Amino acid sequence: MRNNNLIFTIATDNPIFNDSTLFNIKKNINFSGISIDSRTIQSNEIFIALKGSNFNGSDYAQQAIENGASAVIIDKKNPEITTPMIVTNNCFTMLQNFAQYHRQLNKGKFIAVTGSFGKTTTKNMLKESLAASNIKVYATKDNLNNHIGLPLTIANNPLDTKYSVIETAMSSAGEIDSKSKLVKPDIAIITGVGITHGENFKTADDIACTKAEVFNHLSEEGIAIIGEFGYSIKKTIEIAKLHPKVKKLITYGFAMHNDIQIISLKPVDINNMLVRVRLFNKEISYQTATLNESIAMNSLALLAVAEAQNLNLEPILFAIHKFQPTIGRGTLFIKKLPNGIANIIDESYNTGPESIVNGIKTLCNMAAVKKGRKILVISNLSEFGQFESTAYSMIGEYINNVDLVYLVGKKFKKYIPKNIVHKIFNNAEDMANGLANIIQNNDNILIKGARIMQLDKAIDILLNPS
């Protein structure tokens, strides 16, 4: 949130200050939001000085004041500060306290979105569809979904928001439970459960159980919406069916037993996909503005929310057709060639076996329209731990559908079918330079990889050759 107007007020005798000492404050603190960055703080925001392994935000309190902070929350008294100052032992706890207090004040509906894949895109699609319905909506900015970003998001939520869409990430057991406790969602969405972050879990069911922690703090409304996608999703659905907080369960996917089912996906042209869906007992059709199958899958979560909240479908379907994925999450780029064009799908932000398989399906959809080669660029996987070989095997089954594979890193090599031409490169730059030399007219290229492999650099090289 960035609003210089003083829209929040908190009294100095509020219990969140019980373990703190207040200076230069009379009765109330008026502020426009919370910031943890002294460089980007805006007028009238409160600066909370978090401490990291190599820094202490309290050392930058004066800079925050110079940049417009209305008050500072720090862990050591600074006699030079004349602005309202709150001294506390733990600034991170104070950030959580502000989030809890703010959540209590907000009477709108809260939607928590989690999952091994698709959560950021689903969050963005929900935000746009609710806005298209003329509903005041607030959502997690970018991917501020961790233990700091989530409470910061809630603490900055305008109190007149009707729907808040909060993205919730995790890398270990217990994380989602603590975040769900802050969100207190009315609706919990799990977009799918795979084996990402497997390095921190013993079994795939452990991952499923951790995702299901989002149900632990559901409100009395108790709506659970689950995408039946991924390696471990059946365990999550079992938990939801028995969870005392879940009052209503909606599942979506490709199966006939799902409440919302994709009947068919049909490419219309390079920019449009026709989606036929069974929405409980009726059939509807709509288009997505991309051939990316993940977008069609994520769109079902929007239909589930609309059904659960009795919202008008028309503006939501309109928003789905307008939706474009963000950079690195399925953006389509057209590369001009001397003799034509090539189509490049940028999915360089992150990866997992399920999203890679969906990416390959998208590549095939595009090739069905453009009749060109299917080239898969893929990097080593990361964060899969003991599930790494399982992840590679899942992807290897689908690689037969492509014409050429460019690998960044060597781990994938033994999972590539022998009949598929492939080349191995040590880094993204070398791969991009090699790929640039062989691109032909109407080639369809999917670039998919872990962020640590920096495949976004390959996109830049291919689109902006020196």
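Quick caveat: nothing in here was measured; it's all calculated off a predicted structure. Values reported hereafter were calculated over all heavy atoms of this structure, with side chains retained and with hydrogens, waters and symmetry mates removed. Numbers here simply count residues along the sequence, with the first being 1.
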query = Do I166 and V113 pass the side-chain contact (heavy atoms from CB on, under 4.5 Å) test, and can you show the C-alpha distance, the side-chain angles, and the key distance before you say yes or no?
reply = CA-CA 6 Å; I166 310 298; V113 182; over 6 Å; no

request  = Check the pair K374, M366 against side-chain contact (heavy atoms from CB on, under 4.5 Å), reporting the backbone distance first and the verdict last.
outcome  = CA-CA 9 Å; K374 301 181 290 290; M366 188 163 291; over 6 Å; no

key: Check against side-chain contact (heavy atoms from CB on, under 4.5 Å), F8 and S32   = CA-CA 6 Å; F8 303 130; S32 62; 5.9 Å; no

task = Give the intermediate values and the outcome of side-chain contact (heavy atoms from CB on, under 4.5 Å) for residues I34 and F47.
result = CA-CA 6 Å; I34 303 295; F47 174 66; over 6 Å; no

request  = Show your working on side chain to side chain donor-acceptor pair (under 3.5 Å) between N156 and Y138 and close with a plain yes or no.
outcome  = CA-CA 10 Å; N156 279 320; Y138 175 83; 5.1 Å; no

task = Decide side chain to side chain donor-acceptor pair (under 3.5 Å) for S299 and Y286; before the verdict, give the C-alpha distance in whole Å, the side-chain angles of both, and the deciding distance to 0.1 Å.
result = CA-CA 10 Å; S299 73; Y286 55 92; 2.7 Å; yes

key: Step-by-step side chain to side chain donor-acceptor pair (under 3.5 Å) determination, T362 to N365   = CA-CA 5 Å; T362 301; N365 288 335; 5.0 Å; no

task = Would you sort out whether S348 and D456 count as a side chain to side chain donor-acceptor pair (under 3.5 Å), showing the intermediate values?
result = CA-CA 6 Å; S348 60; D456 55 317; 5.3 Å; no

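Under a 3.5 Å cut-off, the side chain of S129 and the backbone N or O of L126 do form a donor-acceptor pair. Between the K247 side chain and the P244 main chain, a donor and an acceptor come within less than 3.5 Å of each other. The backbone N or O of I190 lies less than 3.5 Å from no partner atom in the side chain of K211, so there is not a single donor-acceptor pair. In this structure a side-chain-to-backbone donor-acceptor pair under 3.5 Å is missing from N54 to G52. Formation of a donor-acceptor pair under 3.5 Å by the R103 side chain with backbone atoms of K184 is found in this model. Between the side chain of S133 and the backbone N or O of I135 there is no donor-acceptor pair closer than 3.5 Å. Looking only at distances, no side-chain donor or acceptor of E388 sits under 3.5 Å from a matching main-chain atom of F384. Listed for the T161 side chain is no donor-acceptor partner under 3.5 Å among the backbone atoms of S164. Looking only at distances, no side-chain donor or acceptor of D346 sits under 3.5 Å from a matching main-chain atom of T331. Remark: side-chain polar atoms of Y392 are paired, donor with acceptor, to backbone N or O of L381 under 3.5 angstrom.
Shortest non-hydrogen contact noted between L265 and A296 is CD2-CB, 3.7 Å. For the pair A301 and T122, the tightest heavy-atom approach, listed with the atom from each and the gap, is CB-CG2, 3.9 Å. Of all heavy-atom pairs spanning T196 and I207, the tightest one is O-CD1, 4.1 Å. Contact detail for I439 and A342: the closest heavy-atom pair is CG2-CB, 3.6 Å. Summarising the geometry of N272 relative to L291, their closest heavy-atom pair is O-CD2, 3.2 Å, with the distance given to 0.1 Å. When every heavy atom of P151 is checked against every heavy atom of A99, the shortest pair comes out as O-CB, 3.5 Å.
The number of heavy atoms from other shown groups lying within 6.0 Å of CG (N281) does not exceed 12. Heavy-atom contacts from other residues, nucleotides or ligands closer than 6.0 Å to CD1 of I452 number 12 or fewer. Surrounding CD of E314 are at most 12 heavy atoms belonging to other residues, nucleotides or ligands under 6.0 Å away. In the displayed structure, D269 atom CG is contacted under 6.0 Å by more than 12 heavy atoms of other residues, nucleotides or ligands. Other residues, nucleotides and ligands place more than 12 heavy atoms under 6.0 Å from the OH atom of Y101. Heavy-atom neighbours of E283 CD from other residues, nucleotides or ligands within 6.0 Å: above the threshold of 12.
A donor and an acceptor atom, one from each side chain of T203 and D206, are located under 3.5 Å apart. When only modelled atom types and interatomic distance are considered, D186 and S219 share a side-chain donor-acceptor pair under 3.5 Å.
Residues L249 and K241 have side chains in contact (heavy-atom distance under 4.5 Å, counting atoms from C-beta outward). Side-chain contact between L130 and K162 is absent, with no heavy-atom pair separated by less than 4.5 Å. Two residues are said to be in side-chain contact when any heavy atoms from C-beta on lie closer than 4.5 Å; R329 and T120 meet this criterion. V137 has its side chain within reach of V165: a pair of non-hydrogen atoms, C-beta onward, lies under 4.5 Å apart. Residues I260 and I250 have side chains in contact (heavy-atom distance under 4.5 Å, counting atoms from C-beta outward). For the pair N298 and F323, the minimum side-chain heavy-atom distance is 4.5 Å or more. Counting heavy atoms from C-beta outward, L311 and L313 have side chains that stay 4.5 Å or more apart. A 4.5 Å side-chain heavy-atom check between I399 and Y415 finds every atom pair outside the cut-off.
Q100 contributes atom CD, which lies 5.5 Å from atom CG of L182 (distance to the nearest 0.5 angstrom). To the nearest 0.5 angstrom, H217 atom NE2 is 8.0 Å from K245 atom NZ. Distance check: L435 CG to I447 CD1 gives 6.5 Å after rounding to the nearest 0.5 Å. F425 CZ to N427 CG: the interatomic distance, rounded to the nearest 0.5 Å, is 9.5 Å. Put simply, CD on E175 and CE on M170 are 7.5 Å apart, with the number rounded to the nearest 0.5 Å. Taking CD1 of I225 as the start and CD1 of I189 as the end, the distance is 4.5 Å to the nearest 0.5 Å.
K123 and E167 are joined by a salt bridge, as a carboxylate oxygen and a charged side-chain nitrogen come within less than 4.0 angstrom of each other. Ion pair K234/E228 flagged as a salt bridge, since at least one NZ, NE, NH1 or NH2 atom sits closer than 4.0 Å to an Asp/Glu carboxylate oxygen. A salt bridge is defined here as a Lys NZ or Arg NE, NH1 or NH2 lying under 4.0 Å from an Asp or Glu carboxylate O, and K448 with E347 meets this definition.
Only one option out of N97, I73, I148, L152 pairs with I48 in a side-chain contact (heavy atoms from CB on, under 4.5 Å); it is I73. Partner Y163 forms a side-chain hydrogen bond (donor to acceptor under 3.5 Å, both in side chains) with one of Q309, K127, K109 and no other, that one being Q309. Considering K335, K370, R373 in turn, R373 is the only one that fulfils the salt bridge (Lys or Arg N to Asp or Glu O under 4.0 Å) rule with D443.
Between F92 and H147, the gap from one ring centroid to the other is short of 6.0 Å.
Ring geometry, F229 versus F254: the interplanar angle exceeds 60°, so the pair is classed perpendicular (tilted spans 30 to 60°).
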